[in-house]
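Comments concern the structure below.
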2 protein chains.
Amino acid sequence: MPKRVDHEERRAQIAEALIRVAGRRGLHAVGMRDVAAEAGVSLRLVQYYFQSKEKLLFYGLQHLTDRFTARVGARLAAAGPDPGPRATIEALLLASLPTDEESRTFHLLYSSYAILSVTDGALAAQPFIDNPDAAENALTGLLESAQAAGLADPGADARIEAISLLAMAATMGTGILVGQRGPESAVAVLRHHLDRLFTTAERPAPPA
Amino acid sequence: MPKRVDHEERRAQIAEALIRVAGRRGLHAVGMRDVAAEAGVSLRLVQYYFQSKEKLLFYGLQHLTDRFTARVGARLAAAGPDPGPRATIEALLLASLPTDEESRTFHLLYSSYAILSVTDGALAAQPFIDNPDAAENALTGLLESAQAAGLADPGADARIEAISLLAMAATMGTGILVGQRGPESAVAVLRHHLDRLFTTAERPAPPA
DNA sequence: CTCTTCATGGTACCGCCGTATCAACACCGT
DNA sequence: ACGGTGTTGATACGGCGGTACCATGAAGAG
């Protein structure tokens, strides 16, 4: 048999080419030929690993969310070992804002996919229900633990505040994308609400 | 000369056909032939009143926002004569949620246009800066007057709260579109924040 | 060694879409 | 009445995009 190639890795390469070109020209404008050229492979190869454009797009969405999840995880790790709830939440929210090229591409493409899923039944709408739900649950949990630790206002409704924070971050992210708003403005608004929710100044456990 | 036709009215008819078909099949999937068929006219006529597809799309966006503005105005008028600031704000925010067919279409298409404008320089990005700015300014003014009237928490930052409310309404609107969230949930979150901002129960000026 | 199977390239087909062209028809001013 | 302009229709054209088909290396199994 011929040189055995890791299919999954190839698919990932092609998917990243899709993400790059879609980030530049828009998801609606991307064709199989563009993806092939961007990935430096032949059109036939794209067809070989993904039988149809629909499957390519589907895989691309999966890859996009995976990359983003990993990125958020890296941000959290970079926030230091055992950061307090507020630092964790702040890192989470700020990571979702389109401040650099990668997050800008993510925000743009994720939004494009979401809008697409409304009318094109082919693209599963499930990711756009499950992912936000998971984010809401995670943030709700963080807020609740902050309340339990006496760091956040115990009278606040954790779930409602979690939904609110995520919703604000999302819309302001789009605002940044279209040039309506600067990142500083978005950060200021988010910090304002965190200040409202977190009563006490936060101290990581002192080292001795 | 032939039967004189009101061009502006014709354009409006065609634009509404565009909005209907785009609301059903997605903005990306709409072609001139679809618009012509939906409007019950020939393809040539669409070309006659709009020289290119780009101009058709541009006009469609304008028409969409005009219709929405009128709709919001009607909602406000329906809220009764001289409603208090809170009722006004609530009507404003709830009108933007995709709860019926028309608002659903508006939300979907406006989002589609916004995403498009990020990558396609042809579609002016200006509307997506000016309209949100105007909404923010209007809502900020309403909040400030509520504060001046002693109805809302005077310590709140009116502009930040206005931005927050609009941002929450927008993202939750998309959440409703994709089926992640029900309208009741969105309304509950918005009301929660209004309850936080408005200290006093509101009374319209009693009639004598 | 050769045969099978995986991997890859080149290219053709078909349909759709935006645009342009040719033509007919209707009405109004003069 | 009649010409001319505003309006409408049918159709053709060029391009592009997704998919399908054929062919050719490349390498491990027997």
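No experiment lies behind these values; they were computed from the predicted model shown. Numbered from 1 within each chain, the chains take letters A, B, ... in sequence-line order.
- At whole-Å resolution of the value, CG in A:Leu43 and P in D:dC22 are 17 Å apart.
- Here the P atom of nucleotide C:dT8 and the CD atom of A:Gln51 are 14 Å apart, to the nearest Å.
- For DNA chain C, if you chain together Watson-Crick or G-U pairs that step i with j, i+1 with j-1 and so on, the runs of at least three with distances under 3.5 Å are C:1-30 with D:1-30.
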Exercise. Decide side chain to side chain donor-acceptor pair (under 3.5 Å) for B:Ser103 and B:Asp100; before the verdict, give the C-alpha distance in whole Å, the side-chain angles of both, and the deciding distance to 0.1 Å.
Key: CA-CA 6 Å; B:Ser103 54; B:Asp100 59 9; 2.6 Å; yes
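- Salt bridge B:Asp34/B:Arg20: absent, no basic N to carboxylate O contact under 4.0 Å.
- In this pair, B:His7 and B:Tyr49 present their aromatic rings perpendicular. The plane angle is above 60°, beyond the 30 to 60° band.
- Checked against C:dA7, C:dT19, D:dT7, the side chain of B:Tyr49 finds its nearest nucleotide in D:dT7.
- A donor and an acceptor atom never sit less than 3.5 Å apart when one is taken from the side chain of B:Arg10 and the other from the base of D:dT8.
- The nearest whole Å value for the distance from the CG atom in B:Asp34 to the C1' atom in C:dC17 is 10 Å.
- When rounded to the nearest whole Å, the span between CD of A:Gln47 and P of C:dA7 equals 16 Å.
- Following rounding to the nearest Å, A:Arg11 (CZ) and C:dA7 (C1') show an atom-to-atom distance of 13 Å.
- Out of D:dA12, C:dA7, D:dG9, the shortest distance to the side chain of B:Arg33 is found at D:dA12.
- Position along DNA chain D of the nearest nucleotide to A:Met32 versus A:Arg44 favours A:Met32 as the more 5'-ward residue.
- For the pair B:His7 NE2 and D:dG6 P, the interatomic distance rounds to 9 Å; values are reported in whole Å.
- Using a cut-off of 4.0 Å between Lys/Arg side-chain N and Asp/Glu carboxylate O, A:Glu38 and A:Arg24 are scored as salt-bridged.
- Using a 4.5 Å heavy-atom threshold, the side chains of B:Tyr113 and B:Phe128 count as touching.
- Whole-Å rounding puts the B:Ile14 CD1 to D:dT7 P distance at 12 Å.
- The separation between A:Phe50 atom CZ and D:dG18 atom P is 14 Å, rounded to whole Å.
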